[in-house]
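Everything below concerns the one structure shown next.
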Amino acid sequence: MKKLFISQPMNGKTDDEILAERANAIQAVRDSAGEEIEVINSFFQDAPSEARPLWYLGKSLELLSEADIAYFAPGWEKMRGCRIENQCAKEYGIERIIEA
């Protein structure tokens, strides 16, 4: 079983929009993987109210370290955190799926 990390733009989106995009990403990876996928929950709905962007990035990188596959949702290249996650996945040999 492979572990899936999802990197996606979240700024300006509702929780419902984020969750819908995640569901689509999960299904796309499951359809193409040919094996069971465990999804790493990288959507922090219960983050501390004072959390700053680097807090989110630090938590995301910690979770990314557990992943076998990293999926990058459309628009990832415009978001600083997603770009950093992508570079880390690349540098550390995590399989990447990049959506345009």
Side-chain angles (χ1 to χ4, degrees):
M1 178 183 316
K2 291 191 175 183
K3 290 185 177 183
L4 171 65
F5 176 88
I6 300 171
S7 179
Q8 67 185 125
M10 295 184 191
N11 192 16
K13 294 182 180 179
T14 66
D15 284 1
D16 288 340
E17 290 171 324
I18 292 166
L19 291 171
E21 188 172 68
R22 292 178 73 75
N24 289 338
I26 292 164
Q27 192 59 52
V29 174
R30 282 191 173 139
D31 289 347
S32 67
E35 66 180 283
E36 192 121 356
I37 297 292
E38 178 185 335
V39 180
I40 298 170
N41 184 11
S42 57
F43 179 37
F44 309 112
Q45 291 180 295
D46 297 325
S49 60
E50 70 279 355
R52 296 167 69 181
L54 277 176
W55 182 91
Y56 289 98
L57 181 59
K59 292 292 185 185
S60 291
L61 292 177
E62 181 180 344
L63 295 173
L64 177 61
S65 75
E66 301 171 12
D68 300 299
I69 304 169
Y71 175 95
F72 293 88
W76 71 270
E77 69 282 349
K78 298 175 188 161
M79 304 306 292
R80 177 180 53 205
C82 294
R83 290 192 311 265
I84 293 169
E85 292 165 353
N86 181 274
Q87 186 64 33
C88 289
K90 180 180 176 183
E91 293 289 331
Y92 286 91
I94 297 169
E95 178 183 345
R96 296 175 297 147
I97 299 172
I98 299 175
E99 293 293 330

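In this structure, the separation between CG on Leu4 and CD on Glu95 is 10.0 Å, given to the nearest 0.5 Å. Distance check: Lys78 NZ to Asn11 CG gives 13.0 Å after rounding to the nearest 0.5 Å. With rounding to the nearest 0.5 angstrom, the NZ atom of Lys3 is 12.0 Å from the CG atom of Leu64. Expressed to the nearest 0.5 Å, how far CZ of Arg96 lies from OG of Ser7 amounts to 11.5 Å. Rounding to the nearest 0.5 Å gives a distance of 10.0 Å between OG of Ser32 and CD of Gln27. With rounding to the nearest 0.5 Å, the separation of CG in Leu57 from SG in Cys82 is 9.5 Å.
The two residues Cys88 and Leu61 make their nearest non-hydrogen contact at SG-CD2, 3.8 Å. Taking both residues in full, the closest heavy atoms of Ile98 and Asn86 are given as CD1-ND2, 3.6 Å, listed atom of the first, atom of the second, then distance. When all heavy atoms are compared, the tightest approach of Pro9 to Glu21 is O-OE1, 4.0 Å. Of all the heavy atoms in Leu63 and Ser42, the pair that sits closest is CD1-CA, 3.9 Å.
Residues satisfying the side-chain contact (heavy atoms from CB on, under 4.5 Å) test with Lys59, not counting sequence neighbours, are Phe44, Trp55, Glu62. Phe43 is linked by a ring-ring contact (aromatic ring centres under 6.0 Å, His included) to nothing, counting only residues two or more places apart in sequence or in another chain. Qualifying side-chain contact (heavy atoms from CB on, under 4.5 Å) partners for Pro53, counting only residues two or more places apart in sequence or in other chains: Arg80.
Glu99 has its side chain out of reach of Phe72: every pair of non-hydrogen atoms, C-beta onward, lies at least 4.5 Å apart. At least one side-chain heavy atom of Gln45 sits under 4.5 Å from a side-chain heavy atom of Leu19. The side-chain heavy atoms of Phe5 and Glu85, taken from C-beta on, include a pair separated by under 4.5 Å. Counting heavy atoms from C-beta outward, Ile97 and Ile69 have side chains that approach closer than 4.5 Å.
With hydrophobic clusters built from ILVMFWY side chains whose heavy atoms lie under 4.5 angstrom apart, Tyr56 shares a cluster with Leu54. Criterion: ILVMFWY side-chain heavy atoms under 4.5 Å apart, direct or through other members. Under it, Met79 and Met10 are not part of a common hydrophobic cluster. When hydrophobic clusters are built by joining Ile, Leu, Val, Met, Phe, Trp and Tyr residues whose side-chain heavy atoms come closer than 4.5 Å, directly or via intermediates, Ile18 is not grouped with Ile6.
Within a 6.0 Å radius of NZ in Lys90, other residues, nucleotides and ligands contribute 12 heavy atoms or fewer.
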Walk me through whether Arg30 and Val39 qualify under side chain to side chain contact (heavy atoms under 4.5 Å, CB included). CA-CA 10 Å; Arg30 282 191 173 139; Val39 180; 4.1 Å; yes

